[in-house]
Amino acid sequence: MKAIHYVFCLFTALMLTTFSSRAAGEEDFKEFLQKFTSSASFQYSRVKFPLKSPIALLQDDGETEQTFPFTREKWALLDGETLKEGHTTEEEGGVYISHFTVNEPAHKEFEAGYEESEPSLRIVFELEDGKWYVTDCYNDWYNFDLPISELEETIHTVQEENKAFEELHP
């Protein structure tokens, strides 16, 4: 009987140790997201620049595509409201939807935009070595309607908004 008790205790200790080390090794996504949206320095540290997809804009001829790496200088910091799931009906009648379209243990994709139109925001999160990172993004700041000649001005505007975010959420 003592042997059975000893084996049971040993097995329980082993299971608790395994569970604790696994849990301690993987970052909780909700906790990550809360910190990600409330700290500019943390957010910058968890975006894998340059992102997988470059920014694609049309040249002045309206047909030729030109790409630019999606680097830190072009990143628009994201707050908690931006990454909040929900449905909002606008006064004009449009419905703005924001939700996770993929919600797997090591891969999540968030999309936001008006119903029955292309998303205006798409963020890809991936779990790498137990930590969450943004690995890809589409942001409406840089869509095909943006003339290449206005790219630098848009980057400057994004950086100004980022400064305001950084003051509130260093």
Side-chain angles (χ1 to χ4, degrees), residues 16-57 67-90 94-146 150-170:
L16 288 173
T17 303
T18 303
F19 180 76
S20 297
S21 65
R22 184 175 178 265
E26 284 187 10
E27 185 172 47
D28 179 71
F29 185 74
K30 280 187 175 183
E31 290 174 14
F32 156 78
L33 199 57
Q34 191 282 324
K35 192 170 182 182
F36 184 83
T37 57
S38 61
S39 168
S41 60
F42 182 78
Q43 190 168 140
Y44 281 128
S45 75
R46 291 304 187 87
V47 180
K48 296 267 186 164
F49 294 112
L51 296 172
K52 288 180 182 176
S53 299
I55 294 170
L57 303 177
T67 60
F68 303 86
F70 202 141
T71 57
R72 179 183 166 132
E73 72 170 348
K74 297 174 187 88
W75 180 256
L77 290 167
L78 304 169
D79 63 9
E81 268 312 296
T82 303
L83 295 177
K84 186 177 181 181
E85 290 187 287
H87 290 70
T88 306
T89 303
E90 305 288 326
V95 178
Y96 188 82
I97 301 171
S98 52
H99 60 113
F100 284 91
T101 57
V102 177
N103 197 358
E104 297 171 358
H107 181 92
K108 300 183 185 301
E109 294 183 20
F110 180 86
E111 288 187 359
Y114 285 97
E115 192 173 51
E116 297 183 26
S117 66
E118 293 294 316
S120 57
L121 177 67
R122 182 176 164 272
I123 307 285
V124 177
F125 299 93
E126 293 184 35
L127 189 64
E128 296 180 6
D129 297 324
K131 294 182 179 180
W132 286 100
Y133 292 91
V134 170
T135 58
D136 206 6
C137 174
Y138 168 80
N139 189 319
D140 217 15
W141 277 101
Y142 308 105
N143 64 34
F144 274 127
D145 293 334
L146 177 67
E150 294 180 20
L151 178 60
E152 288 303 316
E153 181 182 334
T154 300
I155 291 169
H156 180 73
T157 302
V158 165
Q159 290 173 348
E160 289 298 314
E161 289 202 13
N162 285 353
K163 284 179 188 172
F165 182 95
E166 289 169 11
E167 288 176 13
L168 291 172
H169 310 287

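- Atom NE2 of H107 has more than 12 neighbouring heavy atoms from other residues, nucleotides or ligands inside a 6.0 Å radius.
- With T37 contributing its side chain and L33 its backbone, the two residues share a donor-acceptor pair below 3.5 Å.
- Remark: Y44 pairs with no residue by the ring-ring contact (aromatic ring centres under 6.0 Å, His included) rule, at least two apart or across chains.
- Atom CZ of F42 and atom CD of Q34 lie 9.5 Å apart (nearest 0.5 Å).
- Going from atom OG1 of T89 over to atom CD of E115 covers 8.5 Å, rounded to the nearest 0.5 Å.
- Listed by chain and residue number, Y142 satisfy the ring-ring contact (aromatic ring centres under 6.0 Å, His included) test with F70 (two or more places apart in sequence, or in another chain).
- Here Y133 contributes atom OH and E27 contributes atom CD; the two are 8.0 Å apart, rounded to the nearest 0.5 Å.
- Interatomic distance, CG of L127 versus CH2 of W132, reported as 5.0 Å (0.5 Å rounding).
- Every side-chain contact (heavy atoms from CB on, under 4.5 Å) that E85 has, sequence neighbours left out, goes to H99, F100, F110.
- Residues S53 and D136 have side chains that bring a donor and an acceptor to within less than 3.5 angstrom of each other.
- Side-chain N or O atoms of S41 include one that pairs as donor or acceptor with a backbone N or O of P170 at under 3.5 Å.
- The heavy-atom pair separating W75 from Q43 by the smallest distance is NE1-OE1, 2.9 Å.
- Between K163 and E166 there is no salt bridge, since no side-chain N of the basic residue sits under 4.0 Å from a carboxylate O of the acidic one.
- Summarising the local packing, CD of E81 is surrounded by 12 or fewer heavy atoms from other residues, nucleotides or ligands at distances under 6.0 Å.
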### Task
Using the side chain to side chain contact (heavy atoms under 4.5 Å, CB included) rule, take F68 and L57 through it: C-alpha gap first, then chi angles, then the decisive distance, then the call.
CA-CA 8 Å; F68 303 86; L57 303 177; 3.9 Å; yes
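- Geometrically, K108 does not engage F125 in a cation-pi contact defined by less than 6.0 Å to the ring centre and at most 45° from the axis.
- L121 has its side chain out of reach of E111: every pair of non-hydrogen atoms, C-beta onward, lies at least 4.5 Å apart.
- Formation of a donor-acceptor pair under 3.5 Å by the S39 side chain with backbone atoms of K35 is not found in this model.
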